[in-house]
Each structure stands twice: as C-alpha cells, then as structure tokens.
A.B. asks: 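One structure coming up, written as structure tokens, with questions to follow.
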Amino acid sequence: MVAAGEAHSRETSVLGRSTLGRPIQLIELGNPDGTPVLVVGCVHGNEPAGIGVARLLAEHPPAGIHLWVVPMLNPDGRARNTRGNARGVDLNRNFPYRWRALDGVYESGARPLSEPEARLAYRLILRIRPAVSIWFHQHLDLVWASGGEAVVARAYARASGLRYRRLPALPGSAIDWQNHALPGTTALAVELPVGSPSRAASVRYARAVAAAARVSRRTP
Ligand SMILES: [Zn+2]
C-alpha cells in the first residue's frame, strides 16, 4: 500500500497496438521517486495467471515503488489462447540478445523485434530503465533467474513461496535481453503454477514484487 503522505500518481494509457490492432494497456502508478519496476502480466497468450496479479498490483501499488504495469502484452494470443502472437511468433524469442531463427512452438520471427508487441516492450524498457522487471509465465512453478542480481530473484522466490532456479539464458528472450542491455538491473521470469491462482496466492505473488524491489539497486 502507498504510505500516507507519499507522492503518488496514476496514469492509464495505450502503450500501442497488437498485430491485429488490439490496444495494449500501460498503467503507470506509485511513487515517481521510487524504485522503477515493470510488471508484465502475460506475454504467452496461453499463460494467463499473471494478468490478475498485474491488475491487483495496479489496484494496490506497494509503497516506495514507481510501477509500470502491462497486464497483457499479447492480447491477440490471449484471444486465441495461443503461446504466440497473431502471426504465431513467440514474443519471448523475438528480442535482440542472442536471437536465433527458430521454428515451431518457439518461432522467433523474421528477425529480432519483427513483432510490434516485442518492439513496444523493448522501447518501454529502454525508456523507463526498470531496476526490476518481472514477466509472468506459467506453468513451471518456479522463479526463473538467468542474469541480473540473484538476490532480487531470491527475494521474489522467498516472498512468493515459489522455488528459485538459476537457469540458462534463452535465445531472444526478453529477460536475457534486459539483463544484458541494462547492467545493474534485474529482469526475471515468474513461472506461476498451472491453473488460476486463488485470491490469497495472487496477493502473495503481488506482494513479492515489493520484496524484490526492496533488495534491488535503487538506481541502475
Ligand atoms: Zn511463458
């Protein structure tokens, strides 16, 4: 919760449009002098559990944080319940760090940042330079750390009750690109369990964002 007397702002805007023209919402809120934190609720359209967690954060921003929330980066994939976007591209293989041409379920696009949704996230991250970025996925039931500061991912894991796992970088992934492009910041993937989280679990996953932000470097 935002502390009494703490500076607080809230602005909802359209970050941009998906491949099929659906609006992608961005909510900026919290303390403009606080630690910059980005939360992406859903990038793979068939992994929706984080959307509710992102919306909960937007309703109850933790104190001391300047928070940007993108509840759903892949609305076309969500509408079809597919991992990829409308063109079948896995947005989490479309970022420029160690991008490789991949086919099938991990289809990585024609080239790095070929997809509008990935470009929107890329430009947002370069603009706000989040000290911590948290991307929600499913269904591995763990915190996926592959760069940045381990203490941040460990803090998220401890507060959320999810397992911490140090895992290799993946070609073209969003978190590995940020961890490479913005040294001193930490991007991590939170793999929520299968199914729809209970209200209590969603509150725990949302509160863990503040725990991760508290141990991050205040200014990258
Ligand atoms: Zn995923």
Side-chain angles (χ1 to χ4, degrees), residues 15 18-19 22 24-25 38-57 69-100 102-109 112-122 124-125 130 132-148 153 156-157 160-180 186-197 201-202 205-206 208-209 212:
L15 178 63
S18 69
T19 299
R22 289 189 170 92
I24 295 169
Q25 188 186 46
L38 170 67
V39 171
V40 179
C42 179
V43 56
H44 292 140
N46 57 353
E47 301 171 2
I51 298 169
V53 181
R55 295 209 180 281
L56 198 58
L57 274 163
V69 179
V70 178
M72 203 188 320
L73 184 63
N74 182 10
D76 298 343
R78 182 69 208 114
R80 299 167 178 208
N81 200 33
T82 58
R83 178 180 177 90
N85 70 355
R87 289 198 286 244
V89 176
D90 183 341
L91 300 172
N92 202 36
R93 298 294 182 280
N94 194 233
F95 282 73
Y97 181 61
R98 294 187 181 171
W99 180 90
R100 282 209 321 255
L102 300 169
D103 295 326
V105 69
Y106 302 119
E107 164 65 54
S108 57
L113 300 177
S114 59
E115 304 309 300
E117 299 89 349
R119 285 197 298 275
L120 288 168
Y122 172 88
L124 176 67
I125 290 165
V132 178
S133 289
I134 293 173
W135 293 70
F136 284 104
H137 292 259
Q138 284 180 284
H139 313 270
L140 298 179
D141 200 358
L142 54 82
V143 174
W144 181 302
S146 58
Y156 189 94
S160 66
L162 298 170
R163 293 169 296 159
Y164 170 89
R165 285 289 180 278
R166 180 87 195 169
L167 291 162
L170 296 172
S173 94
I175 65 168
D176 295 314
W177 165 72
Q178 180 183 326
N179 286 328
H180 174 76
T186 303
L188 57 101
V190 173
E191 289 270 359
L192 297 175
V194 72
S196 203
S202 292
Y205 301 142
V209 171

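Numbers for residues simply follow the sequence, beginning at 1. First listed ligand is number 1; within each ligand, the first listed atom is number 1.
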A.B. asks: Which residue, Leu167, Leu142, Leu162, forms the side-chain contact (heavy atoms from CB on, under 4.5 Å) with Glu191?
C.D. replies: Leu142
A.B. asks: Once you measure the plane-to-plane angle for Trp135 and Phe95, does it fall in the parallel (<30°), tilted (30-60°) or perpendicular (>60°) bin?
C.D. replies: perpendicular
A.B. asks: Run the side-chain donor-acceptor check on residues 45-57: report pairs under 3.5 Å with partners two or more places apart or on a different chain.
C.D. replies:
unit_1 : atom_1 : unit_2 : atom_2 : d
Glu47  : OE1    : His44  : ND1    : 3.2
Glu47  : OE1    : His137 : ND1    : 3.2
Glu47  : OE1    : Gln138 : N      : 3.3
Glu47  : OE2    : His44  : ND1    : 3.4
Arg55  : NH1    : Gln25  : OE1    : 3.2

A.B. asks: What residues form a side-chain contact (heavy atoms from CB on, under 4.5 Å) with Thr82, not counting sequence neighbours?
C.D. replies: Arg80
A.B. asks: Hey, could you give me each pair passing salt bridge (charged side-chain N to carboxylate O under 4.0 Å, His left out) that has a residue in residues 132-141? Not counting sequence neighbours.
C.D. replies: none
A.B. asks: Show all protein N/O/S atoms under 2.8 Å from the Zn ion (ligand 1), or state that there are none.
C.D. replies: His44 ND1, Glu47 OE1, Glu47 OE2, His137 ND1
A.B. asks: Checking Glu115 against Asn94: is there a side-chain donor and acceptor pair closer than 3.5 Å?
C.D. replies: no
